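Reviewing the structure listed below.
Keep in mind that this is a model prediction, so the values were computed, not measured. All heavy atoms count here, side chains included; hydrogens, waters and symmetry mates do not. Note that ligands are numbered from 1 as they come in the structure, with each ligand's atoms numbered from 1 the same way.
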Amino acid sequence: MALDSNAIISRFQDYLRINTVQPNPDYYAAAEFIKIQAQSISLKYKSIEFVLGKPLVLLEWTGSDPSLPAILLNSHVDVVAFEADKWDHPPLGAEIDEEGKIYARGTQDMKSVGMQYLEAIRKLVASGYQPRRSVYVSFVPDEEIGGADGVGKFVESGNFKSLNIGVVLDEGLPSPTESYRVFNGERIPWSLQIKAVGQPGHGSKLYDDSASENLTKSIESMMRFRASQFDMLKAGLKPDGEVVSVNMVFLKAGTPSPDGFVMNLQPSEAEAGFDIRIPPRPTDDHLVALEKRLEEEWAPVSRNMTYKLWRFDQNLSGKQLLTAKDDSNPWWGLLQNAVNEAGGKIGEPEIFPASTDSRYFRKAGLPAFGFSPISNTPSLLHDHNEVLIVSSAKYYILQESNVLTVSLFVQYLSQSEYLKGIDMYVSIIKAYTSYI
Ligand SMILES: CSCC[C@H](NC=O)C(=O)O
Ligand SMILES: [Zn+2]
Ligand SMILES: [Zn+2]
C-alpha cells in the first residue's frame with residue numbers, strides 16, 4: 001500500500017514539474033506525459049489541435065453500453081505565473097515538506113484534479129471494474145486566459161457533439177472545513193477600465209478637476225460600493241459567490257520623476273482597471289443597474305470620464321447558466337451519495353466566485369459541477385506557496401521522559417487530502433458510470 005501511494009505521489013510530482021505556466025505553457029510536454037499515463041491504464045488517447053500549438057488531450061474509457069450519455073471529467077493543463085522568490089519551495093519543484101505538504105503551482109488549481117481522475121480510473125481498472133457508461137477525460141489548454149481556444153472551441157466541435165456527454169465534472173475550490181465545496185454556477189466576469197482627463201499644471205497648484213482628482217472621486221465611490229458588498233460577506237450574510245466584487249488591479253497616471261524626489265507635474269490623464277464579478281440572477285436587470293451606476297457614478301461624463309467595459313460571453317442571463325440542484329437533475333444526488341459513501345462530506349451547491357471552463361459546458365446545455373476534492377485546506381489558488389497535503393504528517397510525541405524511561409508516540413495529525421480525493425473519484429466514477 002505504501003509503495004502504491006509513493007508511486008501515486010511521484011506521478012503527481014512529475015506532472016507538477018512540467019512547465020505549463022502561462023503565457024508560454026509547454027502543452028506538448030504535458031500531452032506526452034498524459035499519453036504515457038493513458039497507455040499505462042489502457043485508455044484511448046487523442047490529441048486535438050483546434051488551435052495550432054494548443055493541443056487538447058481527450059482520453060476515453062469505453063463503457064459496456066456506449067449508447068448511454070457519457071461522463072466527462074475535465075481539467076485544464078495550464079497554470080498561472082508565480083513570483084518564485086516569494087515561495088518557500090520552488091514553484092515547479094513539487095517538493096514535499098516534513099508536514100506532508102507538496103509545494104507547486106497547480107497543486108490546487110488544478111493539476112491535482114487531473115491526476116486524481118486518472119489515479120481513480122487506474123484503481124478501478126486494476127480492480128476489474130467495467131463501466132456501463134463511457135468516461136472521457138479531457139486535459140484542456142488555456143483555461144487561465146479565458147478558455148476560448150480550449151473548451152470554447154471544443155464544445156463547438158463536431159467531435160464534442162459525437163461524444164454524447166451527459167454530465168461534466170470540472171474544478172471547484174478547496175474548503176477550509178471538513179465538508180467539500182461544490183459549485184453549480186459562476187459569477188459573471190467584467191473587466192473595466194476607467195479614464196479621467198483634466199488640466200495639467202504645476203505640482204504646487206490647487207485647482208479643480210485635475211485628472212487625478214477626477215479619478216480619485218471614482219475610485220472612492222467604487223471602494224464604498226466594494227465595502228458595502230464586502231461587509232455582507234464578512235458578516236456571514238452572503239457567501240463569496242453571492243456578492244459583487246470590485247477590485248482595482250491597475251492604476252496609472254503621470255510620470256515618476258527620474259531623480260526620484262522632485263515630482264511637480266500634475267498629469268493630464270489618469271486610468272484605473274478593475275476586476276468585477278457579479279452573481280447570476282434570474283434576469284439581467286441587476287447587470288443593467290450596475291452599468292447605470294457605472295455611467296452615473298463611476299465614470300460620469302460630467303467629470304470628463306470615459307470607460308471601456310469587457311463582458312465575457314455574456315449574452316445569456318445568469319439563470320440559464322445554472323446547473324439544477326434538485327430532483328430534476330439525478331447527477332447531483334448521485335454526486336452527494338458517492339461522496340458520502342466514500343466517507344466525505346459535501347455542502348450545498350454554491351456559485352463559483354470566479355470563472356472556469358464549466359461555463360462553456362453549461363452554455364452548451366450540459367449539467368456541470370465544479371468540484372475539487374480538497375477539504376481542511378485554505379484556498380491558495382494563484383497565491384504564493386500553493387500547497388496540498390499529499391502524505392499523512394507524522395508527529396512524534398514525547399510522552400514520558402526521565403533518566404530511565406522515554407516513550408515516543410506516533411500520531412497522525414493530518415491525512416492526505418490528495419489520496420482521499422482519489423477515493424472520492426473512485427466512488428463518483430462508479431456511481432456515475434453505473435447509473436441508468
Ligand atoms: C473571464 S475568463 C478568466 C478566467 C479566470 N479563471 C481562473 O482564474 C478567471 O479570472 O476567473
Ligand atoms: Zn483553475
Ligand atoms: Zn486558476
Side-chain angles (χ1 to χ4, degrees), residues 15-16 18 20-23 25 27 30 54 56 73-83 91 104-117 138-155 168-175 181-183 185-193 240-241 243-250 273-280 287 308-316 318 321 350-363 368-374 377-388 421:
Y15 187 37
L16 289 168
I18 300 172
T20 56
V21 183
Q22 288 289 3
Y27 286 135
K54 300 183 176 187
L56 182 151
L73 306 175
N74 184 61
S75 71
H76 61 83
V77 173
D78 57 327
V79 296
V80 290
F82 45 73
E83 296 170 68
R105 183 54 94 217
T107 51
Q108 299 189 0
D109 181 16
M110 63 172 302
K111 284 179 163 173
S112 49
V113 174
M115 283 307 287
Q116 284 168 316
Y117 294 149
S138 46
F139 289 84
V140 305
D142 279 12
E143 189 280 339
E144 294 292 2
I145 56 166
D149 289 348
V151 174
K153 292 261 181 338
F154 184 36
V155 292
V168 183
L169 293 185
D170 200 337
E171 67 189 309
L173 288 175
S175 158
R181 298 182 77 179
V182 58
F183 301 90
E186 300 188 348
R187 291 198 298 183
I188 296 153
W190 279 6
S191 285
L192 171 69
Q193 266 186 49
D240 51 6
V243 295
V244 180
S245 64
V246 176
N247 288 310
M248 188 159 69
V249 290
F250 90 80
F274 296 85
D275 179 303
I276 300 176
R277 312 276 172 148
I278 310 154
L287 301 176
K308 279 194 230 164
L309 179 63
W310 290 266
R311 306 172 183 82
F312 295 91
D313 20 80
Q314 183 203 308
N315 44 9
L316 288 171
L321 291 179
E350 305 174 59
I351 299 300
F352 194 85
S355 278
T356 73
D357 284 330
S358 288
R359 73 190 187 285
Y360 291 106
F361 296 116
R362 293 193 186 111
K363 215 158 124 182
F369 288 109
F371 175 68
S372 298
I374 309 173
T377 305
S379 172
L380 295 166
L381 284 82
H382 301 200
D383 203 340
H384 305 325
N385 289 322
E386 188 179 340
V387 293
L388 183 61

task: Measure from the side-chain N and O atoms of R311 to the backbone N and O of W190, and report whether any donor-acceptor pair falls under 3.5 Å.
output: no
message: Between R187 and S245, is there a side-chain heavy-atom distance shorter than 4.5 Å?
response: yes
- line: Closest non-hydrogen contact found for T107 with L388 is O-CD2, 3.5 Å
query: Where do D78 and Y27 come nearest, in terms of heavy atoms and distance?
result: CB-OH, 3.4 Å
- line: Heavy atoms of H382 and D109 approach each other most closely as NE2-OD2, 3.0 Å
statement: Within less than 2.8 Å of the Zn ion (ligand 2), the count of protein N, O or S atoms comes to 4
query: Does a donor on one side chain sit under 3.5 Å from an acceptor on the other, for E186 and T356?
result: yes
task: Would you tell me whether D170 and H76 have side-chain atoms, one donor and one acceptor, within less than 3.5 Å of each other?
output: no
task: Look at the side chain of R105 and the backbone N and O of A81, then say whether any donor-acceptor pair between them is shorter than 3.5 Å.
output: yes
message: Can you work out which protein residues put a heavy atom within less than 4.0 Å of ligand 1?
response: E143, E144, G146, P189, R277, F312, A354, S355, R359, H382
query: Can K153 and D142 be said to form a salt bridge (Lys or Arg N to Asp or Glu O under 4.0 Å), step by step?
result: CA-CA 11 Å; K153 292 261 181 338; D142 279 12; over 6 Å; no
